[in-house]
**Q** 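Quick one: this structure, given as structure tokens, is what I'll be asking you about.
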Amino acid sequence: MFNRIKKGNLIKYWEKVDNNPLHVSVHSIYIKKVGYLEAVGKVHVSRNHGELLVNHLKGTIKKDLHNGNNLVTGYSGLHFDFVITEPNPLTFITTTINGKVYKIGPPPTVSATVQTAIRASSEVPGSGAKDCEVFVWGYLRKKVSGNWQFVFDGSGNPIRGWVGKTNSPKTTLFVGMSEEKALNEIAFARYNLSPSDWIEPNSLGAQSNTWLGYSSEGLKIRMFIGNKVSIQPTVVPSSTLDYGSAFPTLLP
């Protein structure tokens with residue numbers, strides 16, 4: 001029974017790769033590799049804090065409660081260019097409240113459940129990816145004594161505006177890729193890792209679980225896998241370990 005289930009899953013992942021092929025120079029070889037197809041399977045089911053990797057790549061919207069309503073306050077992840085709803089980068093209208101600058105407009109031009117925009121002049125293009133600053137249309141907040149609070153207008157209503165990523169508005173987007181194609185390429189990068197692809201931590205005594213691989217088309221892909229360590233591993237992370245995250249990068 002197990003072998004029949006496993007074979008059925010491999011056929012399913014074979015179809016995913018066949019429909020969203022790797023680079024022509026390697027596609028016919030890798031689509032026949034059981035280990036690679038298993039890596040494709042893993043990238044589809046991998047979870048971090050209960051969230052599928054693909055949902056992290058599409059962007060996890062953060063919300064906070066106000067008067068019984070869950071209001072958008074930011075996001076995490078978000079690494080697909082197709083989730084950007086504004087057709088053109090925006091030059092934001094800003095205002096300063098109590099010494100802090102907020103992006104209060106212009107309002108979105110496209111209706112969507114989640115409205116997103118790239119900040120004008122923030123894009124750094126690459127091959128298959130780009131760095132940029134991405135914001136979502138939500139509600140402004142400020143930090144008071146270590147706690148986040150909404151910013152209110154003179155009538156006591158929370159102010160709408162463009163809000164950024166939980167740690168930084170900067171992100172790197174897969175450009176021109178479907179989610180299936182990107183997952184296939186992440187799996188390719190992970191399948192071909194070697195111990196030398198581990199990224200050392202930035203400071204002495206720190207730890208890292210960061211790995212740098214390459215897609216079949218040469219795009220750099222950063223992956224966070226397994227436990228953090230301070231000394232270069234002698235083996236790559238087990239194929240059973242979930243991703244903490246994975247995304248394209250223009251950095252070394």
**Q** Regarding Arg141 and the six-membered ring of Tyr102, is the cationic atom NZ or CZ under 6.0 Å from the ring centre and inside 45° of its axis?
**A**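 Here Arg141 fails the 6.0 Å and 45° test against Tyr102.
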**Q** Could you walk me through whether Asn55 and Thr60 pass the side chain to side chain donor-acceptor pair (under 3.5 Å) test, one step at a time?
**A** CA-CA 7 Å; Asn55 292 331; Thr60 302; over 6 Å; no
**Q** Return the CG to CD1 distance between Asp18 and Ile31, rounded to the nearest 0.5 Å.
**A**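 Between Asp18 CG and Ile31 CD1, I get 4.0 Å after rounding to 0.5 Å.
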**Q** Could you check whether any side-chain heavy atom of Val134 comes within less than 4.5 Å of a side-chain heavy atom of Pro169, counting everything from C-beta outward?
**A**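 In short, these two side chains do not touch, never coming nearer than 4.5 Å.
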**Q** Which distance, rounded to the nearest 0.5 Å, do you find between the OH of Tyr243 and the CG of Leu52?
**A**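 That separation rounds to 13.0 Å.
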**Q** Salt-bridge test for Lys181 and Glu217: reply yes if a basic N is under 4.0 Å from a carboxylate O, no otherwise.
**A**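 Between Glu217 and Lys181 there is a salt bridge, with a charged N closer than 4.0 Å to a carboxylate O.
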**Q** Are any of the side-chain heavy atoms of Glu180 and Val17 separated by less than 4.5 Å?
**A**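 With C-beta onward as the side chain, the pair stays apart.
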**Q** If Ile, Leu, Val, Met, Phe, Trp and Tyr residues are connected whenever their side-chain heavy atoms lie under 4.5 Å apart, and connections chain through other members, are Tyr75 and Ile118 in the same group?
**A**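 Hydrophobic grouping puts Tyr75 with Ile118.
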**Q** Kindly determine whether Tyr139 and Asn69 satisfy side chain to side chain donor-acceptor pair (under 3.5 Å), including the steps that lead there.
**A** CA-CA 12 Å; Tyr139 290 84; Asn69 297 312; over 6 Å; no
**Q** Honestly curious: do Leu183 and Leu241 fall in one hydrophobic cluster under the side-chain, below-4.5 Å linking rule?
**A**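 Yes, same cluster.
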**Q** Examine Lys16 relative to Tyr13 and say whether NZ or CZ is less than 6.0 Å from the centre of the six-membered ring and inside a 45° cone about the ring axis.
**A**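 Because its charged atom misses either the 6.0 Å distance or the 45° angle limit, Lys16 does not stack over Tyr13.
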**Q** Return yes if some donor-acceptor pair links the side-chain N/O of Asn48 with the main-chain N/O of Glu51 below 3.5 Å, else return no.
**A**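 Between the backbone of Glu51 and the side chain of Asn48 there is no qualifying donor-acceptor contact (under 3.5 Å).
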**Q** Looking at Thr240, is its backbone amide N or carbonyl O close enough to the side chain of Lys42 to form a donor-acceptor pair, meaning the two atoms are under 3.5 Å apart?
**A**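 Looks like yes, one N/O pair under 3.5 Å.
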**Q** Quick check against the 3.5 Å criterion: does Ser122 have a side-chain atom that pairs as donor or acceptor with the backbone of Arg119?
**A**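 Here the side-chain-to-backbone pair exists.
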**Q** How many angstroms lie between CH2 in Trp211 and OG in Ser194, if you round to the nearest 0.5 Å?
**A**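 Rounded to the nearest 0.5 Å, the CH2-OG separation comes to 7.5 Å.
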**Q** Hey, does Thr96 have a side-chain heavy atom less than 4.5 Å from the side chain of Lys100?
**A**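 Not in contact.
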**Q** So with a 6.0 Å cut-off around CD of Glu200, is the heavy-atom count from everything else above 12?
**A**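 No, the 6.0 Å shell around CD holds no more than 12 heavy atoms from other groups.
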**Q** From Lys62 NZ over to Asn70 CG, what is the distance, rounded to the nearest 0.5 angstrom?
**A**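 The CG atom of Asn70 is 13.0 Å from NZ of Lys62, to the nearest 0.5 Å.
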**Q** Show the numbers, then the answer: is there a side chain to side chain contact (heavy atoms under 4.5 Å, CB included) between Ile97 and Val151?
**A** CA-CA 9 Å; Ile97 303 174; Val151 179; 3.9 Å; yes
**Q** Could you tell me whether the side chain of Glu86 and the main chain of Gln115 form a donor-acceptor pair under 3.5 Å?
**A**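 Pair absent, no side-chain N/O of Glu86 close to backbone of Gln115.
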**Q** Taking a hydrophobic cluster as the set of Ile, Leu, Val, Met, Phe, Trp and Tyr residues connected by side-chain heavy atoms closer than 4.5 Å, whether directly or through intermediates, do Leu250 and Ile199 fall within one such cluster?
**A**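 The answer is no; the residues belong to distinct hydrophobic clusters.
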**Q** With heavy-atom distances below 4.5 Å as the criterion, would you say the side chains of Glu185 and Leu22 are in contact?
**A**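 Contact flag for Glu185/Leu22 side chains = yes.
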**Q** Is the shortest distance from a Lys or Arg side-chain nitrogen in Asp81 or Lys130 to a carboxylate oxygen in the other one below 4.0 Å?
**A**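 Salt bridge between Asp81 and Lys130, a charged N being under 4.0 Å from a carboxylate O: no.
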**Q** Are the side chains of Thr171 and Lys165 in touch, meaning some heavy atoms are under 4.5 Å apart?
**A**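 Answer yes - side chains close enough.
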**Q** Donor-acceptor pair, Trp198 side chain versus Ser208 backbone, under 3.5 Å?
**A**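 Judged by distance alone, yes, a pair lies under 3.5 Å.
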**Q** Would you name the heavy atoms of Leu219 and Ser127 that are closest together and state the gap between them?
**A**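 Heavy atoms only, the tightest pair is CD1-O, 3.5 Å.
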**Q** If I take atom CE from residue Met223 and atom OG1 from residue Thr210, how far apart are they, to the nearest 0.5 angstrom?
**A**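 The distance works out to 10.0 Å.
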**Q** Give the minimum heavy-atom separation between Ile221 and Thr249, together with the two atoms involved.
**A**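 So the minimum-distance heavy-atom pair works out to N-CG2, 4.4 Å.
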**Q** Could you see if Trp14 belongs to whatever hydrophobic cluster contains Phe188? Use Ile, Leu, Val, Met, Phe, Trp, Tyr and a side-chain cutoff under 4.5 Å.
**A**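 In one cluster with Trp14: Phe188, yes.
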**Q** Which atom pair, heavy atoms only, marks the closest approach of Ala206 to Ser230?
**A**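 Closest approach of Ala206 to Ser230, heavy atoms only: O-CB, 3.4 Å.
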**Q** Does the side chain to side chain contact (heavy atoms under 4.5 Å, CB included) test come out yes or no for Leu173 and Val83, once each step is laid out?
**A** CA-CA 10 Å; Leu173 304 176; Val83 303; 5.7 Å; no
**Q** Start with the C-alpha distance between Val101 and Thr95, add both sets of side-chain angles, then the distance that settles side chain to side chain contact (heavy atoms under 4.5 Å, CB included), and finish with yes or no.
**A** CA-CA 6 Å; Val101 178; Thr95 188; over 6 Å; no
**Q** Walk me through whether Phe92 and Phe135 qualify under side chain to side chain contact (heavy atoms under 4.5 Å, CB included).
**A** CA-CA 10 Å; Phe92 295 122; Phe135 293 82; 3.7 Å; yes
**Q** Looking at Ser76 and Thr166, what are the two nearest heavy atoms and their distance?
**A**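 Smallest interatomic distance, heavy atoms only, reads CB-OG1, 4.1 Å.
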**Q** Any side-chain heavy atom of Asn184 within less than 4.5 Å of one from Tyr36?
**A**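 Result yes, sub-4.5 Å side-chain heavy-atom pair found.
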**Q** Using side-chain heavy atoms (C-beta onward) and a distance below 4.5 Å, is Ile104 in contact with Leu140?
**A**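 Yes, their side chains come closer than 4.5 Å.
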**Q** Do Ile84 and Ile61 share a hydrophobic cluster, counting only Ile, Leu, Val, Met, Phe, Trp and Tyr and linking them when any side-chain heavy atoms are less than 4.5 Å apart?
**A**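 Yes; tracing contacts between hydrophobic side chains, which count when under 4.5 Å, links both residues.
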**Q** Keeping the roles fixed (side chain from Asn209, backbone from Gly226), state whether a donor-acceptor pair exists under 3.5 Å.
**A**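 Confirmed, Asn209 side chain pairs with Gly226 backbone.
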**Q** Heavy-atom count around Asn227 CG within 6.0 Å, excluding the residue itself: above 12?
**A**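 Atom CG in Asn227 is not crowded, with 12 or fewer foreign heavy atoms closer than 6.0 Å.
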**Q** Distance-only, no hydrogens or angles: does the Ser215 side chain make a donor-acceptor pair with backbone N or O of Gly218 under 3.5 Å?
**A**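 Yes, Ser215 side chain to Gly218 backbone: donor-acceptor pair under 3.5 Å.
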**Q** Strictly distance-based, threshold 3.5 Å: is any side-chain N or O of Ser245 a donor or acceptor partner for the main-chain N or O of Phe224?
**A**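 Side chain of Ser245 to backbone of Phe224, a donor-acceptor pair under 3.5 Å: no, none is there.
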**Q** Working to the nearest 0.5 angstrom, can you tell me the gap between Leu251 CG and Arg222 CZ?
**A**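 One finds 5.5 Å between CG of Leu251 and CZ of Arg222.
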**Q** Would the distance check show the side chain of Thr116 and the main-chain N or O of Thr85 forming a donor-acceptor pair, the cut-off being under 3.5 Å?
**A**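 Yes.
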**Q** Considering all heavy atoms of both residues, which atom of Thr91 and which atom of Ala120 are nearest to each other, and what is their separation?
**A**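 Closest approach of Thr91 to Ala120: OG1-CB, 3.6 Å.
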**Q** For the CG atom on Leu65, are there more than 12 heavy atoms of other groups (residues, nucleotides or ligands in this structure) within a distance under 6.0 Å?
**A**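 It does: Leu65 CG has more than 12 such atoms within range.
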**Q** Any side-chain heavy atom of Met177 sitting closer than 4.5 Å to one from Phe80?
**A**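 Met177 vs Phe80: side chains apart.
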**Q** Between His79 and Thr172, is there a donor-acceptor pair closer than 3.5 Å when you use the side chain of the first and the backbone of the second?
**A**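 Pair found, side chain donor or acceptor close to backbone of Thr172.
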**Q** Determine, using ring centers only, whether Phe152 and His66 are less than 6.0 Å apart.
**A**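 Judged by ring-centre distance (under 6.0 Å), His66 and Phe152 do meet the cut-off.
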**Q** I'd like to know whether Phe82 forms a ring pair (Phe, Tyr, Trp, His ring centres under 6.0 Å) with Phe174, so could you lay out the CA-CA distance, the side-chain angles of the two residues, the decisive distance to 0.1 Å, and finally the verdict.
**A** CA-CA 9 Å; Phe82 61 74; Phe174 284 106; 9.7 Å; no
**Q** Restricting to non-hydrogen atoms, name the atom on Leu90 and the atom on Ala117 that form the minimum distance, rounded to 0.1 Å.
**A**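 Taking Leu90 first and Ala117 second, the nearest heavy atoms are CD1-CB, 3.7 Å.
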